[in-house]
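As the structure lists them, so they are numbered: ligands from 1, and atoms in each ligand from 1. These numbers come from a predicted model, not from an experiment.
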Amino acid sequence: MADNVFKDALIRVRDYGKSAGVSDEVIDSLMHANSILKAALPVRMDDGSTRYFTGYRCRYNSTLGPTKGGVRFHPGVNMAEVQALALWMTIKCAVVGLPFGGGKGGVVVDPKALSPMELERLSRAYMRAMADVIGPHTDIPAPDVYTNARIMGWMMDEYEAIKRTKSPAVITGKPVRLGGSLGRDDATGRGAYLCITELAKRQKLDPGKTTVAVQGFGNGGYHVARLLQDAGYRIVAISDSKGGIYSPEGFDVASIYEEKQRSRRVRAVYCEQSVCEIVEHETISNEDLLRLDVDFLIPAALEGVITEENVAAIRAPYVVEVANGPIMSGADSTLENNGVVVVPDVLANAGGVTVSYFEWVQNLQGFKWPLEEVHARLQAIMVTAFGEIWDLATEQKLSMRNAAYVLAIQRIGEAVEAHGTRDYFGN
Ligand code: NAD
């Protein structure tokens with residue numbers, strides 16, 4: 001599957017590109033990565049040995065600005081996945097109108113098997129290997145699966161040591177005291193929450209009667225679940241890499257999160273000081289979670305979980321892609337034919353890169369925006385993007401994904417055509 005994910009991403013660009021009405025040269029420009037760097041990362045392990053990890057950085061397309069995209073630490077990282085993620089970043093930044101192209105990086109590693117010092121050495125080794133292609137005006141990394149603010153801080157520090165200058169704008173998602181933006185921690189979940197709120201308004205959904213299942217309980221999944229619960233939605237299922245829990249009564253998201261911090265697992269246990277109580281629930285697998293009879297299904301873990309093989313079992317009328325690429329292109333038409341509304345990843349999880357953009361702007365200008373300003377600016381961008389995509393989809397009877405790709409490809413296309421294509425030079 002992993003090898004197919006990039007081919008799958010290209011299929012969508014070709015297919016949706018047809019309805020964008022741009023020249024073939026624009027589509028061709030999106031078929032190839034600008035550059036991919038693969039490097040061996042030597043890391044001194046705690047036992048004194050040296051281990052070599054494989055790292056990647058892909059700058060996919062810089063038509064609209066410096067490339068921007070996260071760094072993933074996961075055993076499943078591979079070149080095809082990194083390219084797919086970098087292509088999706090290219091589309092996503094254009095969807096929300098940011099002055100960025102798309103990039104992505106990753107390291108093949110199980111970070112849970114490393115000690116804190118090994119993790120720091122690996123993070124620094126990654127930046128040492130990639131520093132020639134990374135920079136505040138060339139390529140700007142951020143967190144992704146199994147990387148976090150602390151890791152961004154180490155990477156920034158390493159970059160600054162190499163360049164012998166302070167350069168906070170080189171990376172986003174940093175700890176706030178090291179130049180991070182307020183509001184970056186929950187920005188991905190908040191962006192998805194804003195999309196769901198806009199959708200609920202248009203579909204006249206009552207939050208109190210609306211159930212939600214969330215697959216993946218990390219940065220994206222936890223915050224969207226928390227914000228939805230605060231708004232009255234019922235979170236009936238939650239999972240992580242080890243499996244999930246289900247209760248039709250709904251869970252208290254904050255308690256499940258606290259328990260996950262304590263035991264590293266998603267467990268239906270609520271604790272008050274040292275007294276803990278198990279709440280009634282069923283244990284479910286990640287595959288079971290996808291099949292639940294809920295209103296909103298939110299895949300917020302990894303790509304490729306809804307495929308041609310299991311798509312017929314999806315019962316939720318709304319799927320919101322907080323993860324990148326959770327639905328393979330082969331499953332799109334079945335969902336459409338079944339009337340499922342999919343809020344695509346390139347819109348639903350764009351809150352993260354949007355606040356990363358705010359962080360970059362603040363770093364370049366030496367400003368610190370208050371949280372209210374970050375929230376207000378994020379809301380303005382997400383609500384506008386959602387409205388543009390919803391209106392185009394409604395007017396032209398397209399899926400929201402198709403509409404999002406049309407808008408993004410047209411914006412990239414205008415920039416490509418501004419340099420001149422065959423239409424200009426051929427005449
Ligand atoms: P994270 O590392 O904070 O959390 C990942 C979560 O997924 C963890 O709870 C983990 O246990 C769970 N998980 C891992 N493998 C799983 C599996 N096979 N089944 C179910 N759960 C599994 O990562 P994150 O930052 O929340 O990223 C999740 C998704 O959101 C990724 O697709 C990522 O690319 C996307 N995303 C993240 C951001 C961001 O700002 N962090 C922005 C945009 C998109």
Side-chain angles (χ1 to χ4, degrees), residues 1-2 5 68-77 81-82 84-89 91-93 95-96 102 104-106 109-112 141-152 171-174 180-181 183-192 195 213-226 237-245 253 256-257 259-261 263-267 284-290 297-306 320-327 344-359 378 382:
M1 194 280 298
V5 75
K68 183 89 192 76
V71 182
R72 179 173 292 195
F73 282 2
H74 192 277
V77 164
E81 182 190 65
V82 172
L85 288 161
L87 169 52
W88 293 328
M89 284 304 296
I91 301 294
K92 189 184 308 176
C93 291
V95 161
V96 280
K104 203 81 183 192
V109 59
D110 175 6
K112 295 176 198 166
D144 191 74
V145 174
Y146 297 156
T147 54
N148 54 28
R150 189 185 299 279
I151 291 173
M152 298 305 108
I171 203 159
T172 59
K174 304 177 292 290
S181 177
R184 178 60 183 86
D185 51 352
D186 71 0
T188 302
R190 187 172 292 274
C195 288
V214 183
Q215 182 186 65
F217 200 53
N219 179 282
Y222 160 60
H223 286 295
V224 72
R226 175 181 64 80
I238 297 174
S239 71
D240 71 1
S241 60
K242 300 184 190 98
I245 51 176
V253 174
I256 306 286
Y257 180 73
E259 177 57 21
K260 167 118 175 133
Q261 298 305 101
S263 66
R264 317 301 311 158
R265 302 180 80 89
V266 166
R267 294 172 67 216
I284 56 169
S285 68
N286 269 295
E287 194 60 36
D288 296 335
L289 183 142
L290 298 174
L297 173 61
I298 306 187
L302 295 175
E303 60 273 3
V305 291
I306 299 176
V320 180
E321 294 184 313
V322 169
N324 283 305
I327 301 176
D345 48 6
V346 291
L347 170 66
N349 70 33
V353 71
T354 301
V355 177
S356 274
Y357 163 61
F358 299 161
E359 184 171 327
L378 174 64
M382 293 305 301

Report summary line: Among F73, Y222, Y146, the residue with a heavy atom nearest to atom 2 (O) of ligand 1 is Y146
Query raised in the report: With side chains defined as the heavy atoms from C-beta onward, is the minimum distance between R264 and K242 less than 4.5 Å?
Result: yes
Query - Side-chain heavy atoms of M152 within contact of T147, under 4.5 Å - result: yes
Query raised in the report: Counting only heavy atoms, which portion of T188 has something under 4.0 Å from ligand 1: side chain, backbone, both, or neither?
Result: side chain
Query raised in the report: Under 30°, 30 to 60°, or over 60°: which ring-plane class applies to F217 and Y222, parallel, tilted or perpendicular?
Result: perpendicular
Query raised in the report: Is there a donor-acceptor contact under 3.5 Å linking the side chains of Y357 and K68?
Result: no
Query raised in the report: What atoms in ligand 1 come closer than 4.0 Å to a heavy atom of N286?
Result: 19 (N), 20 (C)
Report summary line: Taking only non-hydrogen atoms of A300 and a 4.0 Å limit, the atoms of ligand 1 in range are 28 (C), 29 (C)
Query raised in the report: What atoms of ligand 1 come closer than 4.0 angstrom to any heavy atom of R184?
Result: 40 (O)
Query raised in the report: Does any N or O in the side chain of E321 come within less than 3.5 Å of the main-chain N or O of N349, such that one atom is a donor and the other an acceptor?
Result: no
Query raised in the report: If we only count heavy atoms from C-beta on, is the L302 to R72 side-chain gap below 4.5 Å?
Result: yes
Query raised in the report: Is V71 close to I171 at the side-chain level, that is, under 4.5 Å between some pair of heavy atoms?
Result: no
Requested in this report: Starting from atom 33 (C) of ligand 1, find the nearest protein heavy-atom neighbour and note its residue, name and distance.
Outcome: D144 OD1, 3.2 Å
Query - R267 side-chain N/O to K260 backbone N/O, donor-acceptor pair under 3.5 Å - result: no
Report task. Ignoring angles and geometry beyond distance, decide whether K112 reaches within less than 3.5 Å of ligand 1 through its nitrogen or oxygen atoms. Result -> no
Query raised in the report: Going by distance only, is there an N or O of T147 that falls short of 3.5 Å from an N or O of ligand 1?
Result: no
Report task. Would you tell me which option among G191, P326, G218, G304 has the nearest heavy-atom contact to atom 5 (C) of ligand 1? Result -> G218
Query raised in the report: Got the closest protein heavy atom to atom 27 (O) of ligand 1, with its distance?
Result: V145 CG2, 3.6 Å
Requested in this report: Considering only non-hydrogen protein atoms, determine which one is nearest to atom 18 (N) of ligand 1 and report residue, atom name and distance to 0.1 Å.
Outcome: L302 CD1, 4.2 Å
Report summary line: Closest non-hydrogen atoms of S356 and A142, given as atom of the first, atom of the second and distance, are OG-CB, 4.1 Å
Requested in this report: Under the side-chain contact (heavy atoms from CB on, under 4.5 Å) rule, what do Q215 and L290 come out as? Steps first, then yes or no, please.
Outcome: CA-CA 8 Å; Q215 182 186 65; L290 298 174; 4.0 Å; yes
Query raised in the report: Do any N/O atoms on N349 end up under 3.5 angstrom from N/O atoms on ligand 1?
Result: no
Query raised in the report: Do any nitrogen or oxygen atoms of K92 lie less than 3.5 angstrom from nitrogen or oxygen atoms of ligand 1?
Result: no
Query - Whether N219 side chain and D185 backbone form a donor-acceptor pair below 3.5 Å - result: yes
Query raised in the report: Can you tell me if D110 uses its side chain to pair, donor with acceptor, with the backbone of H74 under 3.5 Å?
Result: no
Query raised in the report: Tell me, which protein residue and heavy-atom name are nearest atom 25 (O) of ligand 1, and how many Å apart are they?
Result: N219 CB, 3.7 Å
**Report entry** Heavy-atom donor-acceptor pair, E359 side chain to S181 backbone, under 3.5 Å
**Finding:** yes
Report task. Name the closest protein heavy atom to atom 30 (O) of ligand 1, giving the residue it belongs to and the distance to 0.1 Å. Result -> V322 O, 3.4 Å
Requested in this report: Measure R72 to ligand 1 on non-hydrogen atoms and call it side chain, backbone, both or neither using the 4.0 Å cut-off.
Outcome: side chain
Report summary line: Any heavy atom of D345 under 4.0 Å from ligand 1? The part involved is neither
Report summary line: Nearest heavy atom to atom 22 (C) of ligand 1, choosing from G221, A323, S241, belongs to S241
Report summary line: Min over T354, N148, N324 of heavy-atom distance to atom 36 (N) of ligand 1 lands on N324
Query - Proximal candidate to atom 29 (C) of ligand 1 [heavy atom criterion; set G76, G220, A301] - result: A301
Report task. Please confirm whether L85 comes within less than 3.5 Å of ligand 1 when only nitrogen or oxygen atoms on both sides are compared. Result -> no
